[in-house]
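As structure tokens, the structure follows; a few thoughts come after it.
Note that the structure is a prediction, hence the values are computed from the model and not measured. Chain letters run A, B, ... following the sequence lines, proteins first, then strands; residues in each count from 1.
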Amino acid sequence: MDASAPPTQGVRDMTADLYRTTRPGLLGIGNDGETVQVAGWVQTRRDHGGIVFLDVRDATGIVQVVVDPEGGVATEEVLDGLRREYVVSVLGVVTSRGEDHVNPDIPSGEIEIVASELRVLSPADPLPFQLDERVDVDEGLRLQYRYLDLRRPTMAANLKARSDAIRSMRRVLDARGFLEVETPTLVASTPEGARDVLVPSRLRQGHFYALPQSPQLFKQLLMISGVDRYFQIARCYRDEDFRADRQIEFTQLDLEGAFWGQEDVLEVLEEVAVEVSREVRGVDLARPFPRLTWQEAMDRYGTDKPDIRFEMEIRDLSAIFSATEFKAFAGVLGGGGTVRGINAGAKGLTRAGLDGLVERATSLGAKGLVWMVVEEDGSIRSPVAKFLSDTEQEAIKGALNAAAGDLLLIVADQFRTVAKVLGTLRLDMGQPDGHEELAYLFVTDFPHFEVTDEGNYAPMHHPFTAPENVDDMIESPDTAVSQAYDVVLNGSELGSGSVRIHDPATQGKVFEVLGITAEDAKRRFGWFMDALRYGTPPHAGFAFGIDRMVSILQGEPNIREVIPFPKTQTGSDPLTGSPSRVADAQLGELGVIIAPEVLAVWAEQEDAE
RNA sequence: GGGGGCGUGGUGAAGUCUGGAGUUCACGCCGGCCUGUCAAGCCGGAGGUCGCGGGUUCAAAUCCCGUCGCUCCCGCCA
């Protein structure tokens with residue numbers, strides 16, 4: 001039965017192979033008088049002893065069905081047994097409710113179906129939790145019965161939003177002549193980056209596939225293959241610890257274009273973001289999106305993914321303390337550090353609340369946090385006030401634009417620490433709760449490398465990112481800038497991209513800076529280096545995190561709400577029981593044995609049970 | 001690897017700090033009444049290993065230790 005089929009006139013008897021002629025959500029006052037058949041779930045039953053009302057729900061909506069005993073159609077046995085979530089098919093006449101009985105809360109509220117026949121297609125046990133929105137059910141239970149959870153209107157809406165988002169992505173890219181190409185999900189492991197999800201090979205025992213962290217190298221190969229513009233809705237896998245916005249598997253809109261530079265990519269990204277936001281949220285976003293360089297973002301917001309829906313910007317106060325008597329600040333400045341602060345506004349925090357902020361700052365890596373409260377008379381109340389001259393106090397208030405009641409938070413440390421601490425405190429103190437407003441932002445000019453704990457250089461984006469300037473990159477890797485960029489929405493990194501290296505010599509030099517020997521590079525990426533040698537067009541691209549984007553557009557606090565069947569924080573699926581142990585025979589075929597210490601743990605657990 | 005929060009009839013919460021009878025509230029479930037409801041209403045009823053294990057105590061949902069599960073964060077996430 002197809003949703004667009006018109007209501008069939010003159011149906012008189014239900015037949016076993018006909019479930020419906022129309023849908024609850026399609027019915028309105030215009031259908032008054034039509035004989036229709038609908039099928040769906042019994043959402044509620046309001047039994048008045050004689051007359052019974054049923055709300056019948058399907059994916060399109062809800063319609064009220066009236067069963068009147070005078071009608072004499074549904075047997076008492078059938079009606080008595082009807083419970084929530086039974087699946088039924090109802091034959092009846094669409095009837096105007098009359099003004100007194102209209103329900104304005106549902107689209108079909110002006111009409112109801114007066115049932116002449118009712119058939120139970122499938123009974124339902126009492127549910128393990130209620131489907132209405134009045135309680136927050138434990139998420140483990142929701143995941144165990146996800147098929148019930150997804151019946152809830154918000155979850156159904158999230159599924160639809162995700163579908164709508166992906167459809168508009170396809171529409172935009174299709175209109176621009178992109179080719180949708182699939183790349184393998186069983187690929188070679190690359191030890192760079194995140195931990196790989198590994199899959200043992202049966203035909204080559206002791207060898208492993210990896211699931212792709214992204215289709216990065218394949219899409220670059222497609223550029224070399226002559227594909228002009230590529231995209232893919234790509235499932236990606238990274239085996240790192242879970243967060244509200246991170247799952248072991250996630251979905252990206254992956255795209256790449258030949259003969260492209262940064263501006264070409266950003267233009268398409270903007271169009272995609274605008275169209276998706278229009279489709280899902282019905283908003284028209286202002287273009288162009290704001291842009292910040294990485295350095296500006298770090299200076300003003302303390303993070304490379306600033307939430308620019310609110311101000312509370314970080315100010316550099318170092319100059320104020322250039323000759324300070326306050327030893328803590330003087331020491332930091334003498335050691336090449338910086339002193340910066342934010343004005344958190346009038347918070348009215350208690351002493352305990354302020355102490356909590358200090359604790360928070362310390363846990364983020366700061367050696368301390370200086371708080372100041374501006375009193376009504378303009379004086380500063382702070383544990384360190386006595387160490388600061390009047391001039392310094394006045395200068396602080398000036399720099400932070402402080403008014404009476406304002407709470408000022410100041411951190412002195414190396415730049416990265418100051419940025420992290422103040423950036424986080426800024427979010428703690430000011431970030432809006434929901435996602436009513438959408439603030440997209442491009443962050444550009446990322447550093448090419450970051451220094452690892454071991455003192456080596458690691459790529460900030462990935463090793464195939466083109467440097468702004470090759471000589472700079474080689475001579476001063478600490479400060480070299482890359483042609484990488486991010487899209488940020490409301491303080492979340494939606495995705496990142498870059499102009500790629502298309503010249504094997506440059507690629508080799510990047511590997512050199514990364515400390516990858518020519519021999520190593522050849523062994524690990526030789527096949528890719530070879531490909532670069534056969535005529536590679538300059539190219540650039542990007543990857544959008546679809547889960548994050550849809551979750552923010554839907555105002556959801558985590559991406560699990562927009563993933564139909566997500567994993568828990570410990571990587572398990574309560575519904576199917578994955579990951580699970582497998583039979584010894586399966587392991588044998590793969591040449592895999594379970595380590596003795598793991599077997600020992602299993603034995604202990606079994607004893608405990 | 002580390003830190004925080006949560007775990008109480010089917011569901012959600014209160015009770016835990018300050019130990020004293022499985023107590024309470026809302027929803028659901030079962031039964032009854034009820035012919036115009038809109039998450040119907042009214043009356044009645046059933047339903048519990050207080051996640052699990054150990055300890056302290058005359059006495060543990062409550063205090064202590066361990067453990068499991070869920071969750072948020074730091075680390076990690078090219």
Value in whole Å for how far the P atom of B:rU71 lies from CD of A:E139 = 5 Å
ask   = Any donor and acceptor pair, going by atom type alone, linking the side chain of A:D196 with main-chain N or O of A:T190 inside 3.5 Å?
value = yes
remark   = Atom CZ of A:R142 and atom C1' of B:rG69 are separated, to the nearest Å, by 17 Å
query = Reckon A:P463 touches a base, only the sugar-phosphate, or nothing at all at heavy-atom distances under 4.0 Å?
reply = base
query = Can you find a donor-acceptor pair, distance only, under 3.5 Å between A:R83 side chain and B:rG28 base?
reply = no
request  = Quote, to the nearest angstrom, the P distance that separates B:rU8 from B:rU71.
outcome  = 15 Å
key: Backbone of A:L494 reached by a side-chain donor or acceptor of A:S492 within 3.5 Å   = no
key: With sequence neighbours excluded, residues passing side chain to side chain contact (heavy atoms under 4.5 Å, CB included) with A:T517   = A:E519, A:D520
ask   = Could you give the CG-to-P distance, from A:L425 to B:rC73, as a whole number of Å?
value = 16 Å
Shorter than 3.5 Å, N or O on both sides, protein versus nucleotides 4-8 of chain B: list them out with atom names.
none

query = Contact class for A:A458 vs. all strands (heavy atom < 4.0 Å): base, sugar-phosphate, or nothing?
reply = nothing
request  = Could you list the residues that satisfy side chain to side chain contact (heavy atoms under 4.5 Å, CB included) with A:I51, not counting sequence neighbours?
outcome  = A:H48, A:F53, A:V66, A:D68
query = Mind checking the C1' distance from B:rC76 to B:rA13? Whole angstroms is fine.
reply = 36 Å
request  = Could you tell me whether A:K567 atom NZ has more than 12 heavy atoms of other residues or ligands within 6.0 Å of it?
outcome  = yes
query = How close or far is atom C1' of B:rC74 from atom CG of A:D428, stated in whole angstroms?
reply = 13 Å
ask   = Checking all strands, does A:T190 fall into the base, sugar-phosphate, or nothing category for heavy-atom contacts under 4.0 angstrom?
value = nothing
inquiry  = From CG of A:D55 over to P of B:rG36, roughly how many Å is that when rounded to an integer?
reply    = 17 Å
inquiry  = On the nucleotide B:rC29, are OP1 or OP2 found under 4.0 Å from the side-chain N or O atoms that A:R84 carries?
reply    = yes
key: Span that lies between the C1' atom of B:rG15 and that of B:rG19, in whole angstrom   = 13 Å
ask   = For RNA chain B, which residues in residues 358-367 of chain A have a heavy atom at a distance below 4.0 Å?
value = none
inquiry  = Under a 3.5 Å cutoff, is there a donor and acceptor pairing between the side chains of A:S580 and A:S578?
reply    = no
ask   = Who pairs with A:H539 by side-chain hydrogen bond (donor to acceptor under 3.5 Å, both in side chains), at least two apart in sequence or on another chain?
value = A:Q220
key: Euclidean distance, atom CD of residue A:Q144 to atom P of B:rG69 [Å, nearest integer]   = 15 Å
ask   = Would one find a side-chain N or O of A:R46 under 4.0 angstrom from OP1 or OP2 of B:rA40?
value = yes
query = Does A:T154 have any side chain to side chain contact (heavy atoms under 4.5 Å, CB included) partners at least two apart in sequence or in another chain, and if so, which?
reply = A:E133, A:R152
query = Toward the 5' end of RNA chain B, which comes first, A:Q213 or A:I51, by nearest nucleotide?
reply = A:I51
key: Spacing of the P atoms in B:rU16 and B:rG10 (rounded, Å)   = 23 Å
request  = Name all residues meeting the salt bridge (Lys or Arg N to Asp or Glu O under 4.0 Å) criterion together with A:E454; count only those two or more places apart in sequence or in a different chain, and write none if there are none.
outcome  = none
query = Are more than 12 heavy atoms from other residues, nucleotides or ligands located less than 6.0 Å from atom CG of A:D433?
reply = no
inquiry  = Does A:Q43 reach a base, just sugar-phosphate, or nothing at all? Heavy atoms under 4.0 Å.
reply    = nothing
Which donor-acceptor pairs under 3.5 Å do the side chains of residues 418-426 of chain A make with protein atoms, sequence neighbours left out?
| unit_1 | atom_1 | unit_2 | atom_2 | d |
| --- | --- | --- | --- | --- |
| A:T424 | OG1 | A:K420 | O | 2.7 |
| A:R426 | NE | A:E311 | O | 2.9 |
| A:R426 | NE | A:M312 | O | 3.3 |
| A:R426 | NH1 | A:D307 | O | 3.4 |
| A:R426 | NH2 | A:D307 | O | 2.8 |
| A:R426 | NH2 | A:F310 | O | 2.6 |
| A:R426 | NH2 | A:E311 | O | 3.0 |

query = Given B:rU11, is OP1 or OP2 found less than 4.0 Å from the side-chain N or O atoms of A:R152?
reply = no
query = A:D503: what forms a salt bridge (Lys or Arg N to Asp or Glu O under 4.0 Å) with it, not counting sequence neighbours?
reply = none
key: Distance test, side-chain N/O of A:K420 to OP1/OP2 of B:rC73, below 4.0 Å   = no
note = RNA chain B nearest-nucleotide lookup for A:F129 and A:R560: closer to the 5′ end is A:F129
key: C1' atoms of B:rG12 and B:rC29, separation to the nearest Å   = 15 Å
request  = Using a 4.0 Å heavy-atom cut-off across all strands, classify A:K567 as base, sugar-phosphate, or nothing.
outcome  = nothing
query = On a whole-Å scale, what distance lies between the P atoms belonging to B:rG31 and B:rG47?
reply = 16 Å
key: Counterpart residues, salt bridge (Lys or Arg N to Asp or Glu O under 4.0 Å), relative to A:R238 (two or more places apart)   = none
request  = Ignoring hydrogens and angles, answer whether the base of B:rG10 and the side-chain atoms of A:Q130 contain a donor-acceptor pair closer than 3.5 Å.
outcome  = yes
B:rC27 and B:rC42, which share atom name P, separated by this distance in whole Å = 9 Å
ask   = Would you call A:F53 stacked on B:rU37, i.e. ring centres under 5.5 Å apart with the planes less than 30° off parallel?
value = yes
query = Can you check whether A:T570 has a side-chain N or O nearer than 4.0 Å to OP1 or OP2 of B:rC70?
reply = yes
ask   = Listed in order of residue number, which residues of residues 96-114 of chain A have a non-hydrogen atom at under 4.0 Å from RNA chain B?
value = A:R97, A:H101, A:N103, A:E112
ask   = What interatomic distance, in whole Å, is found between C1' of B:rG32 and the corresponding atom of B:rU23?
value = 28 Å
query = What pairs with A:D428 under salt bridge (Lys or Arg N to Asp or Glu O under 4.0 Å), at least two apart in sequence or on another chain?
reply = A:R360
note = Out of B:rU11, B:rU35, B:rC70, minimum distance to the side chain of A:L141 belongs to B:rU11
request  = Test for a donor-acceptor pair under 3.5 Å between the base of B:rC77 and the side chain of A:R246, counting only N and O atoms.
outcome  = yes
